[in-house]
Protein chains: 2
Amino acid sequence: MAEDKKYQDASLPLPPDVEESLCRCGGIAGLTGQLPGDDLLKRESALFRALADPLRLKILAMLAVQPLCVCVIKAVLGIADSKLSYHLSVLKKMGLIAGEAQGNWIIYRLTADGTAWTRQVIGDAGSRKNR
Amino acid sequence: MAEDKKYQDASLPLPPDVEESLCRCGGIAGLTGQLPGDDLLKRESALFRALADPLRLKILAMLAVQPLCVCVIKAVLGIADSKLSYHLSVLKKMGLIAGEAQGNWIIYRLTADGTAWTRQVIGDAGSRKNR
DNA sequence: TTTTCATTTCAGATTCTTTTGAAATATCGA
DNA sequence: TCGATATTTCAAAAGAATCTGAAATGAAAA
């Protein structure tokens with residue numbers, strides 16, 4: 001709080017070409033103004049965090065082939081129930097998958113968002129054989 | 001090791017529609033075969049991990065506007081040198097940005113990969129004013 | 001109703017990531 | 001050469017994500 005600087009380049013020495021183009025976009029303040037808001041960045045980074053795990057990507061790839069119940073996913077991955085449940089909850093909380101109860105089972109499928117992101121990751125490897 | 005099951009659906013009871021479509025794609029084994037390899041999944045999840053932080057996304061957004069030296073990035077973000085350096089190193093290690101020394105400064109810019117991913121994140125908000 | 005089965009939840013342990021402040025490096029200008 | 005400046009590196013601390021096994025839930029079959 002002691003010293004508020006002018007948002008001009010006066011205060012910090014820069015390499016010439018950076019200084020020039022920084023001026024053209026309105027200095028530090030101008031640059032700052034062009035950036036996405038913190039809340040958007042937070043949401044997007046949260047999305048990426050959900051995708052930042054090989055097991056979860058594999059689950060998405062599986063569900064790109066077809067909707068599946070937990071027990072099949074488990075059979076493919078070969079991991080403990082609670083571990084799988086944890087990863088499913090991460091994907092679900094992020095809106096990438098949704099589960100629908102059917103009798104004793106819960107059948108998970110990709111949401112629209114989940115489908116879009118899964119394509120980003122694995123191309124459409126999954127849809128070759130299946131459709 | 002005690003009991004190797006056949007990779008057929010015989011062993012696990014399933015909801016009818018899952019069972020049917022699972023059969024059509026070759027059962028557990030067929031499904032497994034369609035999935036991306038573990039090494040690919042590992043690489044891709046690592047990429048997402050680099051994107052899974054709001055500060056790092058903001059850095060990418062800044063560099064989408066123009067190449068910048070560390071001190072400008074620091075002025076915009078208002079964080080400690082070492083903290084910024086850490087995040088830059090994460091992005092650099094993942095090949096999203098590259099730094100080139102120029103005199104006393106290091107000027108970072110997006111790589112081709114970095115540009116592509118940054119577009120995914122923020123659209124091309126950055127390129128409006130700048131080009 | 002009791003049992004069984006598929007799945008989730010929970011608490012604690014573990015591991016990975018991020019932050020912090022101090023010290024190191026390296027380049028420039030005097 | 002010296003001192004200043006920009007940036008990185010390091011080790012320790014703090015924080016967040018993940019894993020584990022046991023217990024809880026809730027629907028269906030007996």
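Naming convention: chains lettered A, B, ... in sequence-line order (proteins, then strands); numbering from 1 in each chain. As the structure is a computational prediction, the values presented were derived from the model and not from experiment.
As rounded to whole Å, 14 Å separates atom C1' of D/dT18 from atom CG of A/Leu84. Here the C1' atom of nucleotide D/dT8 and the CD1 atom of B/Ile106 are 8 Å apart, to the nearest Å. Residue B/Asp53 contributes atom CG, which lies 13 Å from atom C1' of D/dG15 at whole-angstrom precision. As rounded to whole Å, 15 Å separates atom P of D/dA16 from atom CG of B/Leu55. Rounded to whole Å, the distance from CZ on B/Arg49 to C1' on D/dA17 is 11 Å. For the pair B/Ile59 CD1 and D/dT7 P, the computed distance is 13 Å after rounding to whole Å. Nucleotide D/dG21 holds its C1' atom 15 Å from the CD1 atom of A/Ile79, rounded to whole Å. Between the CD atom of A/Gln102 and the C1' atom of D/dA28 there is a distance of 13 Å, rounded to whole Å.
The two residues A/Met62 and A/Val72 make their nearest non-hydrogen contact at CE-O, 4.3 Å. The shortest heavy-atom contact between B/Leu31 and B/Leu35 is O-CG, 3.5 Å. In terms of heavy atoms, B/Glu44 sits closest to A/Leu57 at CB-CD1, 3.9 Å. Between A/Ile122 and A/Ala64, the shortest heavy-atom distance links the atoms CD1-CB, 4.3 Å. The minimum heavy-atom distance between B/Pro15 and A/Gln102, with the atom names listed, is CB-NE2, 4.0 Å. A/Cys25 and A/Gln34 get closest at one heavy-atom pair: CB-NE2, 3.7 Å.
The nucleotide range of DNA chain C contacted by chain B, defined by atoms under 4.0 angstrom from heavy atoms of the protein and reported 5' to 3', is C/dA6 to C/dC28.
Side-chain N/O atoms of A/His87 include none lying less than 4.0 angstrom from OP1 or OP2 on D/dA17.
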Per-pair distances, 0.1 Å, donor-acceptor, side chain in residues 73-97 of chain A, under 3.5 Å, sequence neighbours excluded:
residue : atom : partner : partner atom : Å
A/Lys74 : NZ   : A/Asp81 : OD1          : 3.1
A/His87 : ND1  : A/Arg56 : NH1          : 3.1
A/Ser89 : OG   : A/Tyr86 : O            : 2.7

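For the pair B/Asp81 and A/Arg56, nearest-nucleotide mapping onto DNA chain D gives the more 5' position to B/Asp81.
The aromatic rings of B/Phe48 and A/Phe48 lie parallel to each other, with less than 30° between the two planes, well short of the 60° mark.
B/Asp38 and A/Lys58 are joined by a salt bridge, as a carboxylate oxygen and a charged side-chain nitrogen come within less than 4.0 angstrom of each other.
Among the nucleotides D/dT7, D/dT20, D/dA17, the one closest to any side-chain atom of A/Tyr86 is D/dA17.
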Enumerate the protein-to-nucleotides 25-27 of chain D contacts in which both atoms are nitrogen or oxygen and the separation is below 3.5 Å.
residue : atom : partner  : partner atom : Å
D/dG26  : N2   : A/Asn104 : OD1          : 3.3

